[in-house]
Amino acid sequence: MDDKLIQQILGIVIPDEILDDFEIERIEELEDERVFHMVEKESRRPEAGEELLKDGYMRPKDMDHYPSGMKRCTIRLRRRRWVSKADRSRCYYNQYSYTEDGCKATRQFASFLKEIDGKRPV
């Protein structure tokens, strides 16, 4: 299967804004859940004005997304952590906002749920 087709399929399942910053590492199939493990692209180096070195990863962040194949769907993001080459005590990482404040669901899924909830008969 060619890369373009794989990217198209991923674009159906994972929001494009996430695919811009993260790449899929693996998919974990559980009994009632599908977990997409994604890792931040190395090219998303934070702008720090100094040379940075990779220093592992931040704690993963989970987001709920549209169910897939009758299973709950979770997107698990691992952001990279970087340190200053000159002073290893200075830590850098990127901040992303793929969810609404106070919500664990992706913006697209949260918007869908709000729309459905607003149309529910009384």
Side-chain angles (χ1 to χ4, degrees):
M1 196 178 301
D2 80 38
D3 288 344
K4 188 174 183 175
L5 182 58
I6 292 171
Q7 287 303 313
Q8 283 181 305
I9 293 168
L10 272 176
I12 293 169
V13 180
I14 307 292
D16 288 336
E17 65 181 348
I18 294 175
L19 289 175
D20 289 343
D21 301 317
F22 291 82
E23 51 197 7
I24 193 145
E25 188 175 48
R26 66 187 169 96
I27 301 170
E28 183 179 10
E29 292 283 344
L30 304 173
E31 186 176 323
D32 61 345
E33 181 181 16
R34 185 169 286 129
V35 182
F36 292 87
H37 294 264
M38 315 239 359
V39 64
E40 185 177 33
K41 292 178 179 177
E42 195 168 330
S43 62
R44 297 299 188 229
R45 186 178 298 250
E47 293 192 24
E50 58 184 310
E51 192 172 350
L52 300 177
L53 302 170
K54 288 188 281 186
D55 188 43
Y57 296 91
M58 306 293 290
R59 179 176 290 147
K61 179 179 181 179
D62 288 356
M63 295 178 294
D64 294 327
H65 194 52
Y66 292 102
S68 169
M70 300 302 291
K71 290 185 176 187
R72 185 174 143 206
C73 180
T74 300
I75 300 172
R76 180 165 294 150
L77 302 178
R78 285 191 329 153
R79 295 176 294 150
R80 295 183 184 276
R81 182 176 47 240
W82 302 82
V83 292
S84 166
K85 185 175 182 179
D87 178 2
R88 290 187 176 266
S89 68
R90 288 195 304 238
C91 179
Y92 298 90
Y93 53 90
N94 291 309
Q95 300 265 356
Y96 299 99
S97 58
Y98 302 125
T99 61
E100 295 295 330
D101 289 340
C103 183
K104 190 180 161 188
T106 60
R107 282 194 179 109
Q108 295 86 342
F109 189 42
S111 178
F112 170 78
L113 292 174
K114 286 179 186 177
E115 184 177 315
I116 294 298
D117 189 52
K119 294 182 179 179
R120 184 179 298 159
V122 179

Would you say that more than 12 heavy atoms from the other residues, nucleotides or ligands in this model lie under 6.0 Å from the [atom1] of [X], or not?
X     : atom1 : answer
Glu29 : CD    : yes
Lys54 : NZ    : no
Lys85 : NZ    : no

Check: [Y] main-chain N/O paired with [X] side-chain donor or acceptor under 3.5 Å:
X     : Y     : answer
Arg45 : Glu51 : no
Lys71 : Leu30 : yes
Arg76 : Phe36 : no
Lys61 : Ile75 : no
Arg80 : Glu40 : yes

In terms of hydrophobic clustering (I, L, V, M, F, W, Y; side-chain heavy atoms under 4.5 Å; direct or indirect links), are [X] and [Y] co-clustered?
X     : Y     : result
Val13 : Leu19 : yes
Val39 : Tyr96 : no
Ile14 : Met63 : yes

Shortest non-hydrogen contact from Arg88 to Val83? O-CG1, 3.7 Å

Out of the candidates Met38, Met58, Glu25, His37, only one should pair with Arg78 under the side-chain contact (heavy atoms from CB on, under 4.5 Å) rule; please name it. Glu25

Using the salt bridge (charged side-chain N to carboxylate O under 4.0 Å, His left out) rule, take Asp64 and Arg72 through it: C-alpha gap first, then chi angles, then the decisive distance, then the call. CA-CA 8 Å; Asp64 294 327; Arg72 185 174 143 206; 3.6 Å; yes

Starting from the C-alpha separation in whole Å, work towards a yes-or-no answer on side chain to side chain contact (heavy atoms under 4.5 Å, CB included) for Asp87 and Glu50. CA-CA 10 Å; Asp87 178 2; Glu50 58 184 310; 5.7 Å; no

Any Arg79 side-chain heavy atom under 4.5 Å of Phe22 side chain: yes

Rounded to the nearest 0.5 Å, the CG atom of Asn94 sits from the CG atom of Asp21 at a distance of 7.5 Å

